Novice: 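Once you've had a glance at the structure underneath, I'll fire off some questions.
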2 protein chains.
Amino acid sequence: MNAKKAVERQTGVALWRQIADLIRLSISNGDYDQTGMVPPEIVLAGQFGVNRHTVRSALAALADEGLVQAIQGRGTIIQRKERLSFPISRRTRFSQGLGDQARETEAKLLGKAILPAAGDVAKGLKIDPGTLCIQLDLVSSADGRPVSCSTSFFPESRFPAMAEQFERLRSITKAFAAQGLADYVRISTELVARHADASELALLRLSPGAIVIEATAINADPDGVPVQFSRTRFAADRVKLKIET
Amino acid sequence: MNAKKAVERQTGVALWRQIADLIRLSISNGDYDQTGMVPPEIVLAGQFGVNRHTVRSALAALADEGLVQAIQGRGTIIQRKERLSFPISRRTRFSQGLGDQARETEAKLLGKAILPAAGDVAKGLKIDPGTLCIQLDLVSSADGRPVSCSTSFFPESRFPAMAEQFERLRSITKAFAAQGLADYVRISTELVARHADASELALLRLSPGAIVIEATAINADPDGVPVQFSRTRFAADRVKLKIET
DNA sequence: TATAGTTGTCTACATTAATAGACATTTCGG
DNA sequence: CCGAAATGTCTATTAATGTAGACAACTATA
């Protein structure tokens, strides 16, 4: 494990970014838990086979994320190491699942719209293309750090007050309940991982080049009628998805 | 949709790589299905706000992956666009799930070892750290393209012939059966997405900077006793994980 | 068979990333 | 209080990435 670690040149990904990713991974794996500090720059430079300045760029990026803090004369100490474990099950609800992992969770409404359902949305909700839907855009945070952003669609005919109820109650589950839907389950989830686009970088406050996991999910009422089509993008370096079967 | 698309500078990720990722995404989204071709280089350059040469670097990377092929005078045609949908459920088996999506699936044994269980492996298998385990390293391919590589651990005391049986039968499920375990289920799956390291780049034949989804799973016999601890890394741009609850 | 539209190749130059070395500054322990 | 060990800062140089423009080569079509 202490052999030279893997960074590649001429890949279109700068060495400092590759190294930042690897150090972040080591931190979340607990590789440095004994000392609570990142190894000295000169040691890391040796491990990765690069110049000390390149390592410094990587550490600067991690410091920018608030993950580490360098102190002259002492070393670079680890500030945070958690990766939130996010449950995915038939009964997935955002704040509930995080439970004791975060002191405070928040879902912020970024935008709302009423618009005709496009192809994949209509297909997911099993409605005719063009049927009106309510779209809600949210960013969800835990302890002040954004962990996901989502776009959801609800059939307008059945939940005409979705946006207002959500703004009042700050919860999809409660907004459903206020409109007569006491329970719902997830009937489908598809996952894809890719690089974050510019809007996701901004919303999730990610360092550019970061990865998002996109979960496309459909929730349905107890009779199996789809009530919500959502596309949630998680900041991949902050979460771990736990599948509950 | 035709507005300027999002690429960012000074991110540690070269523009050509960001653009290659975006074009790959557009291809798999079916954005270019009408023509079966990527838009002309000069058009893409305009959309992304970069020089034509930068787009050419991106297209060269995609051509290298075999995703597109440029033909002088005509344009750049799309060769492949599929993303394999990979089911994750209590009864996840590799070849079975892919079913009709690929004509031919293959699991290749890269290495085997007998070694004492380390921390997370022991914890997952619920055995004492240091207990002997059999480790199998596999690469799984569909239609000749690698889609995942995995490292699995099995308790040596219960499945002493795991490696031999797998080599003979080319299937984990069959190797279990040959050793008296007729059925097993997945009891835990955790997902994380990150950049591929050098060995994964080589095994999965990825272009550098690519993303992998790492699934850490535990399979257990019908009594709930863990029989397999595995870490599978999927090539993120080739698969979509479908959660079945 | 022109011609418009496309990819291929070349040169030149600017900007960013990475290397190299020197030395300052801070912390901590003997 | 000195010295080892760590981070901070500076200069200089090389390599990789991105821009710019010109023109060649090829394809399809009017």
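As a basis for the values below, the full set of heavy atoms in this structure was taken, side chains included, without hydrogen atoms, waters or symmetry mates. Values in this document were obtained by computation on a predicted structure and should not be read as measured data.
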Novice: Expressed in angstrom and rounded to an integer, what is the separation of I78(A) atom CD1 from dT7(D) atom P?
Specialist: 12 Å
Novice: In Å and rounded to the nearest 0.5 Å, what is the OG to CG distance from S150(A) to D137(A)?
Specialist: 7.5 Å
Novice: Determine, stepwise, if the pair F229(A) / T216(A) fulfils side chain to side chain contact (heavy atoms under 4.5 Å, CB included).
Specialist: CA-CA 8 Å; F229(A) 176 95; T216(A) 305; 3.7 Å; yes
Novice: Quick check: closest heavy atoms across V13(B) and Q18(B), and the distance to 0.1 Å?
Specialist: O-NE2, 3.0 Å
Novice: Under a 4.5 Å cut-off applied to non-hydrogen side-chain atoms, are L191(B) and L191(A) in contact?
Specialist: yes
Novice: What integer distance in Å separates L15(A):CG from dA16(D):P?
Specialist: 10 Å
Novice: Reading DNA chain D from 5' onward, which residue's closest nucleotide shows up sooner: R56(A) or S57(B)?
Specialist: R56(A)
Novice: Is any N or O donor-acceptor pair between the side chain of R52(B) and the base of dG21(D) shorter than 3.5 Å?
Specialist: no
Novice: Is S230(B) reaching over with its side chain to a backbone N or O of T232(B), donor-acceptor style, under 3.5 angstrom?
Specialist: no
Novice: Rounded to whole Å, how long is the line connecting atom CE of M37(A) with atom P of dA6(D)?
Specialist: 9 Å
Novice: Mind listing the side-chain donor-acceptor pairs of residues 107-129 of chain B below 3.5 Å, one per line with the distance, residues two or more places apart or on another chain?
Specialist:
| unit_1 | atom_1 | unit_2 | atom_2 | d |
| --- | --- | --- | --- | --- |
| K112(B) | NZ | E167(B) | OE1 | 3.0 |
| D120(B) | OD2 | R231(B) | NH2 | 2.7 |

Novice: Can you check the W16(A) CH2 to dT17(D) C1' distance for me, whole Å?
Specialist: 14 Å
Novice: What's the separation between atom CZ in R194(A) and atom CD in E200(A), rounded to the nearest 0.5 Å?
Specialist: 4.5 Å
Novice: Taking atom P of dG8(D) as reference, at what distance in whole Å does atom CG of L59(A) sit?
Specialist: 9 Å
Novice: Keeping R238(B) on the side-chain end and P146(B) on the backbone end, is there a donor-acceptor pair under 3.5 Å?
Specialist: yes
Novice: Students should find this one: the first and last nucleotides of DNA chain C, 5' to 3', lying under 4.0 Å from a heavy atom of chain B. What are they?
Specialist: dG5(C) to dA17(C)
Novice: Does any residue of residues 66-76 of chain B have a heavy atom under 4.0 Å from DNA chain D, and if so, which ones, in number order?
Specialist: Q72(B), G73(B), R74(B)
Novice: In this structure, how many angstroms lie between the C1' atom of dT7(D) and the CD1 atom of I77(A), rounded?
Specialist: 13 Å
Novice: A side-chain contact here means heavy atoms from C-beta on lying under 4.5 Å apart; do T151(A) and R233(A) qualify?
Specialist: yes
Novice: Please determine whether a side-chain nitrogen or oxygen atom of T54(B) lies at a distance below 4.0 Å from atom OP1 or OP2 of dT19(D).
Specialist: yes
Novice: For the pair made of CG in N51(A) and C1' in dC10(D), what is the distance, rounded to whole Å?
Specialist: 14 Å
Novice: How many whole angstroms separate atom CD1 of I42(B) from atom P of dA20(D)?
Specialist: 11 Å
